[in-house]
Structures are given as C-alpha cells and as structure tokens.
Amino acid sequence: MYELVALASKISNIRQLRLFHGHLVHNSLHSHNYWVSLLLVICNRLHAHPAYVDSIFTSSPSPDASVYSYMLKYYSRMGAHNQVVSLFKCMHSLDLRPQPFVYIYLIKSAGKSGNLFHAYVLKLGHIDDRFIRNAILDMYVKNGQVDLARKLFEQMAEKTLVDWNSMISGCWKSGNETEAVMLFNMMPARNIITWTSMVTGYAKVGDLESARRYFDEMPERSVVSWNAMQSAYAQKECPKEALKLFHQMLKEGITPDDTTWAVTISSCSSIGDPTLADSILRMINQKHIVLNSFVQTALLDMHAKFGNLEIARNIFDELGSQRNDVAWNVMISAYTRVGKLSLARELFDNMPKRDVVSWNSMIAGYAQNGEAAMSIELFKEMISCTDIQPDEVTIASVLSACGHIGALKLGYWVLDIVREKNIKLGISGFNSLIFMYSKCGSVADAHRIFQTMETRDVVSFNTLISGFAANGHGKEAIKLVLTMEEEGIEPDHVTYIGVLTACSHAGLLNEGKNVFKSIKAPTVDHYACMVDLLGRAGELDEAKMLIQYMPMKPHGGVYGSLLNASRIHKRVGLGELAASKLFELEPQNPGNYVLLSNIYASSGRWEDVKRVREMMRKRGLQKLVGMSWVEYKGQVHKFIVGDRSHEQSKDIYKLLAELERKMKRVGFVADKSCALRDVEEEEKEEMLGTHSEKLAICFALLISEVGTPIRVVKNLRICLDCHTAIKMISKLEGREIVVRDNNRFHCFSDGMCSCHDYW
DNA sequence: TTAGGGTTAG
C-alpha cells in the first residue's frame, strides 16, 4: 500500500496518470473508493482535464467521504463554485463527515456567503486548525470585510506568517496604507510574499516610487515580484519602464512566465512600436514558448492596435474553446476602433457571456463613431438587464453621446441613474459631464461641475475651454489657461486649439494673436485656427500672408478656414484660390464645392454655380446629407433630408407644406431658390422643401405645447435658407426655437435670431 | 491545505 502511495507521488504527467489508472483497474488491489481517492489526489496536483476527473468520480458506485472531499477540492480549484457547494450539501445529506481541508475550499468557494461558515467551523471545533482559520481570515479580506478580518486577526493567539500576509493584503485592499506599513514593521518575520504585497499595494495607490523602493530593498525576488513591479509600471502608463525592467530581469537570469509575457506584450502595444514588438515575438519563437490564452489575448490586442486586424482575427478564431470574455471584448474594440461597427455588433450579439466591459466597448464604439443615438439605445438595453451594472466608464461614454446630439434631458436621465445606482464618478466621468453640459449649451453647469472637482486633469481644462469657445465666452477661455498654469497643469496642443477657437468665435483678434505668440511649437492645426480668427475678423490678407509664411505644409483645415472667411466677407477671388488648393488636397470632400458654389451664388454668378455643380457630378460626389435630432420624452428622433421613415411623417410633411404656403404668402423666398433657378425641377424640390432642420422643427411644432420653446439639436451647419425659414417659422408660429448648429446655439424668436455671426 | 503577479472598455 505504501508502495502505491510512493508510486502515485512520482506521477508527473497525464500519460503516466492514465497508465497508473489502468494498473489500478486491472489489478483491483484495494477497495474501489481507496484508489479513486488516490487518483483524485493526483488529478488535483496535475490540474487534470475536468471530463477525465468527472469520469473517475462517476466510476465510483458509492463514493465515501474521502472521494467526495477530493472531488470538492478539485471543483474548488477549477473555480466551479456552485459544484463545490452542491457537493458539500450532498455529503451533508448522506451523513458523510468531510475531511477538515474541505472547509478551506468550501469557504473559498462560498464567496459573499462565506461568513455563514465561520460559525459553522467554530461549532465543529475546526477553528484551531491554522489553515482553516486562515481561510476564514482570507475570505473576509477578499470580501472586503477588513474590519471582521482584523477582529479575527487580533483574537488569534498564534499568528502564522500567512495570516500576517493575508492581513497586509487586506489593508491594501481597503486602501489603508498606514496600517499595512505598521503591520509590515511589526511582523516577526517576512517572506517574498510579504514584500511583494507591499510592492503591489503601493502600485495600487499609484505610488510608484515607494513600490520601487520596496522592490529594490527586497532580500530576494521571485518571478512574481518582478511581475508585480513590471505591471505596476505598465498600469501607470510607464510602458517604457516596464520594458526596461523586463530586460533587466532577463539579465539577472529570471525565467519569464506567462504573466511576464502578457505584461511585456501589452507594454509594447502601449508604446505603439511594432519593431519593439517584433523583437519580443522573435524571443518567444526562439525559446519555443507555448503561450496560454491570457498571453494570446494580449497578443491579439497588440495586433489589433497596430492595425493588423486579420492577424488579430486569426488569433481570435484559433483560440476556439480557450476564448475567454476578454478575448471577445478585445476583438469587439478592435473592430470599433476602425469603425467596423456591424462586425463588432455581430460579435457582441453572439458572445456567450457579456460583462460590463463588453457593454462599455460597444456603447463607446457607437459613441465614438458618430452613432450617438445607437449608443444611448444600447445603454437603455443595458440597464434593463438585471445581471449587469453600469460603471463610470459606461456613464462617461453615454454622457458624451448625449453631448454629441445635444440631448440635455437624456443627460439628466443618465445622471438620475448615476444617483440611483450610486455610481462613483472620477475625473473621466466628470470630464464627460462637463462635455455634455457645454455641448448642450449649459456652460454655467459645465463650469459649476468643473469647480466642484477635487482634482482636474488637462482634459478637464480642455473640455471646458472648448465649451467656452463653442458658446462664445472667449475671455473666460483665456482666463482658464492662466488658472491652468497656476495649478501647474501644462497646456497641450488641444488647449490652444480651444483658446484660439474661443477668440475666433468671440471676435477677440488681439487676444488671439497674443495666445498664438505664446505657443512654443505651434502645429498646423494652430495655424488653421489662426487663419480662421484673422479671416472671420475680416483680416483676409493677413490670413493669406500667414499661410504663405507658415513653416509647414498647410492642410485642408487651413484652406478651409480661408474659404469660409471668403464666403463670410464675399471675397470671390480669394475663395477661388482657397478652393483650388482644397480641390487638390481633398478632392473627395463635397463640402468645399458647396462652399464655393455658395460664394458664387451670393454674388449672382449663376454660370459658375452651375460649373461647380457639374464638377461635383463628374467626380461622383454627393452633397452632404444633413441630419437633425429632436429630443422628446427621452427619445431621440432623427431626420434626414427627404426622409419619410418617421411614423408621424405624413403629419410632418403636411405641416411643412402649410408653413411654406404661409411663408410664400408673406413674401418669403428661400435664398437658395434663386441660386437654383437653372437647376432641374426635381433637384430643386429635393434641395428646398425637405431640409432636415425643417422636418425636425415641424415635428417639434407638432409635439410641443403652445407657449413652450422648441429645442432642436443638430451637428451640421444650418444652411442659409433654413436659417431664414426658421426665422419665419418663429414669427408665424409665435414660438421660441433653439437650434444647435455645429457648436453654437441660435435662438429664434419673433423673426429674429440672436446669434448672427455666421451669417 | 495558506499568501503574491497577468489580458479588455473611457
């Protein structure tokens, strides 16, 4: 019998295990349950395949306590927590007395309900077992009940090193640095695990310097200690340091494990240098390392980030049954990153199990690819699921989606959910809130949120500055840059784009010039803003000079600003110059052709209007399709030119026709109808009566009560004749209409518009 | 039998 045990302890792989199994069955030397237990012990050690282990277990006709106990241990190690609990209940009902170690695994698997077993263990007298006691202590720590853990810890007469270690990791888990350090200093002895816990603890609170100090002072280090320090760097956005540490550990003769490879690969993808990644991949190939699914997933993500979508998809497909949630999520975000929303959605719909990250990836994917309404719809679906809770990331995406379509009421509804579900918002959540408010025209609220923030980053400042810019508060934007410098936050190139835009919209020419001078290394975008500022202010010749002398090649944005300024100030010649450059730089952008055509139209050059339209047709360009949104009872209604898919379409078009008749009667003729006198009759029909803004406004008129202001939101610029039409509608209907155009809000009432500077 | 480390979304 002892020979058998000795033999069993030597088994080191599954093949030997199967041979041994055959030997036992063939010779049937001992009782059935005895050798089943023996096999299960080996299965636990070798992490044998679940199907095989199950077959061993079921081969026993009447399993005894020992068989049950080892099977329970196996389930627990495999993470099959439900099986553990049901097996325990089964033993209980059969009146089988579990071996003591069963309680360790039972407590591990019980999760939040592990507390129940504390009393149970006390009653059975197992509390003196130091392993079981530690399992309880550790359970409290893992459940975040550090107070209960501390109470138990203090009661212990004899504390093992493991208990101290559990307690220290509990302190870090609850963010109690002081207590962790105190325990560390009080400990009678420390081991690698103690030191490593300190490294990860400091990393978790973001104190990389202290983490490194403990790492450097460690008397000895395991591969885990190196991994802890390396991942600390990787997670705190210091991927270069992480790679440095990787090379250092190779030099010191440490053999990297799966974790090391995963962190190293993810650091390569953060740095974004494919050649660096290649050298790591060569190393893996040379060493003939078999990568586990974690590392494969990291690799998949890296290829996706480098734009190698096909390689990424191959890895995903080859992972097969080893594919975990993360692999699905990585593949989804790989697709959303490049705008392939339908492919992403297909994966999302087919996922076996969706977690918060899956939902967040898909919601953010829609929000970032101009599908704000879809993003919000998916969020609604998400909160109707009972098994999933939105977090800060979800909220940040959804708030930004609300901002993009100017849906303020939806934004309020999202905030209600934040309160209801007690979701804690951090910097990025507040940044999205600032974005949402300023995009919806509530700059005062945006400012208020900004001021209540405890810590702000450069994005917080940039978002509010752009908010000020969009709403015409130039001076506040400039002031904010000064505050920024006072708080020690370095303005970046986005900051200056915001400030220059603010100056431009508020007509602050000299202030803008000073800002421009203060930029250390202006980019081509800053030059484009400056051309816009000079151009809008009427200094078109200076703008032209600036382009001539700028140190880099101008891009479309630079000439676009010049073209727009030429339109505002009716400088046909300059407009032609800008347009000719734009037709070279971005021949496929229909907006430039439309702008030029409008410039010709406003000076009555109909032949040229026709010529530009002909040019567009030859190059196969469609004019821009405008879209408008109306927010009504938490639903966003979208309108596209000529669209008849809305359920109230019939009424909307009826109202539209009525309004146009009324307008004609009071002498209103859309400006564009002049420009289109030589255009085909049906095209005129298409371009005139059915602009998305008009549809949206008619819908708003249909649903809103008399006397309430109508709110229409839209992302594209309102065209000239629509602007006039809305003025007329506001006069005829005696209603206030608020329309958002690109970034600004236009308030129409009694035939007047309070925001004229574009026209 | 216990303790430490890994991949994803903004």
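Residue-level contact check: Asn191(A) touches the bases, meaning some heavy atom is under 4.0 Å from a base atom. At the heavy-atom level, Asp391(A) lies under 4.0 Å from base atoms of the strands shown. Within 4.0 Å (heavy atoms only), Asp258(A) reaches at least one base atom of the nucleic acid. At the heavy-atom level, Ser333(A) lies under 4.0 Å from the strands shown only through sugar-phosphate atoms. At the heavy-atom level, Ser293(A) lies nowhere under 4.0 Å from the strands shown. Among the protein residues, Ala396(A) comes within range of no part of the nucleic acid, since none of its heavy atoms lies under 4.0 Å from any strand. Using a 4.0 Å heavy-atom criterion, one finds that Val263(A) contacts the sugar-phosphate atoms exclusively. Within 4.0 Å (heavy atoms only), Asp355(A) reaches no atom of the nucleic acid at all.
Within residues 300-318 of chain A, the residues that place at least one heavy atom under 4.0 Å from DNA chain B are, in residue-number order, Asp301(A), Lys305(A). Within residues 67-74 of chain A, no residue has any heavy atom under 4.0 Å from DNA chain B.
An OP1 or OP2 oxygen of dG10(B) is reached within less than 4.0 angstrom by no side-chain nitrogen or oxygen of Ser397(A). The shortest distance between the side-chain N/O atoms of Arg337(A) and the OP1/OP2 oxygens of dA9(B) is below 4.0 Å. The phosphate of dA3(B) has OP1 or OP2 within less than 4.0 Å of a side-chain N or O from Lys108(A). One finds a side-chain N or O of Gln235(A) lying less than 4.0 angstrom from the OP1 or OP2 phosphate oxygen of dT7(B). A close approach under 4.0 Å does occur between a side-chain nitrogen or oxygen of Gln368(A) and OP1 or OP2 of dG10(B).
No donor-acceptor distance shorter than 3.5 angstrom exists from the side chain of Arg77(A) to the backbone of His47(A), with no hydrogens or angles considered.
Remark: Tyr437(A) engages no residue in a ring pair (Phe, Tyr, Trp, His ring centres under 6.0 Å) (not counting sequence neighbours).
Taking the six-membered ring for Trp and the full ring otherwise, the centers of Tyr366(A) and Phe379(A) sit at least 6.0 Å from each other.
A donor N or O paired with an acceptor N or O is not found under 3.5 Å between the base of dG4(B) and the side-chain atoms of Thr194(A). For Ser428(A) and dG10(B), a side-chain-to-base donor-acceptor distance below 3.5 Å is present, hydrogens and geometry of angles not being considered.
Taking the six-membered ring where tryptophan is involved, the planes of Tyr120(A) and Phe88(A) are perpendicular, since the angle between them exceeds 60° and thus also 30°.
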